[in-house]
Amino acid sequence: MKRNIVIAVVTAAALVGGGTATALAVSGDDDDASTPVTRTDDDRDDRDDRSDDGGDDGDRAAAPGDVTAADAIAAALKHTPGTAVSAELDDGSWEIDVLGKGDTWHSVRVDPGTGKVLGSSKDDEDDAAEVRAALKGTSVTAEQAAKAAAAKGTVVSVDLDDDGDDRGWEAETLASGGDGQDWSVGLTTASVTADRDDD
């Protein structure tokens, strides 16, 4: 009788707590007062709660690890050769867009803490010719633009602006206080100026 009550209590506690409980009852008389019970919480629920928390991903995206934008671009190009066109810290990893041979685009994810490539996928984009035309005759790569913008703060994104006469690299930095700033980086000189469109 006591054994059944103990098992019922542990099972109820597991259901209320959301974890997994294991009850171990040693065989014996109902009069045996020493029935050991073991409860084991499943820490997968805790990990799932942390990963589902909307704020955590945003915090990771806003606070890069030791791997800079330039480092992430270099790692992506080592994994997937081509021309890096953008890098952005998004959902807890760097995402680098690489234009490969022909019109093939790749999206490469890099861990911001270790610099390891987490994966890559092909993207279907139809603007390869426009991007190649915008980069024709330029000498500053996305990696070099990221390094130049890093003098202004922690770079969280670099992107090619291939529209009109204002072609160049756009970079976003975060200051130590968390304030963001947009910058323009020249395609031939790597000069960094405050973005005119930044509010």
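Remember, it's a predicted structure, so these values are computed and weren't measured experimentally. Values reported hereafter were calculated over all heavy atoms of this structure, with side chains retained and with hydrogens, waters and symmetry mates removed. Numbering starts at 1 and runs along the sequence shown.
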- Message: Please enumerate all residues that pass salt bridge (charged side-chain N to carboxylate O under 4.0 Å, His left out) together with Lys147, with sequence neighbours excluded.
- Response: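 Applying salt bridge (charged side-chain N to carboxylate O under 4.0 Å, His left out) to Lys147 gives Glu143.
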Hey, is the main chain of [Y] close enough, under 3.5 Å, to the side chain of [X] for a donor-acceptor pair?
{"X": "Asp127", "Y": "Glu130", "answer": "no"}
{"X": "Trp169", "Y": "Ala149", "answer": "no"}
{"X": "Trp94", "Y": "Val67", "answer": "yes"}

Contact check, side chains of [X] and [Y], non-hydrogen atoms, under 4.5 Å:
{"X": "Val155", "Y": "Thr173", "result": "yes"}
{"X": "Thr141", "Y": "Leu135", "result": "no"}
{"X": "Val110", "Y": "Ile96", "result": "yes"}

- Task: Identify the heavy atoms of Ser93 and Pro112 that sit nearest to each other, and give their distance.
- Result: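 Closest pair (atom of Ser93, atom of Pro112, distance): CA-CD, 3.8 Å.
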- Task: Indicate the atoms forming the closest heavy-atom contact of Asp111 with Thr114, along with that distance.
- Result: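 Taking every non-hydrogen atom into account, OD1-N, 3.1 Å.
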Show me the side-chain donor-acceptor pairs of residues 102-109 shorter than 3.5 Å, one per line, residues at least two apart or across chains.
{"residue": "Thr104", "atom": "OG1", "partner": "Lys101", "partner atom": "O", "Å": "3.3"}
{"residue": "Ser107", "atom": "OG", "partner": "Glu95", "partner atom": "OE2", "Å": "3.2"}

- Query: How long is the gap from CG on Asp159 to CD on Glu170, to the nearest 0.5 Å?
  - Reply: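 With rounding to 0.5 Å, CG (Asp159) is 6.0 Å from CD (Glu170).
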- Task: Can you measure from CG (Asp195) to OG1 (Thr193) and round to the nearest 0.5 angstrom?
- Result: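 Those atoms lie 7.5 Å apart.
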Please report, to 0.1 Å, the donor-acceptor pairs under 3.5 Å made by any side chain of residues 80-88, with sequence neighbours excluded.
{"residue": "Ser86", "atom": "OG", "partner": "Asp97", "partner atom": "OD2", "Å": "2.9"}

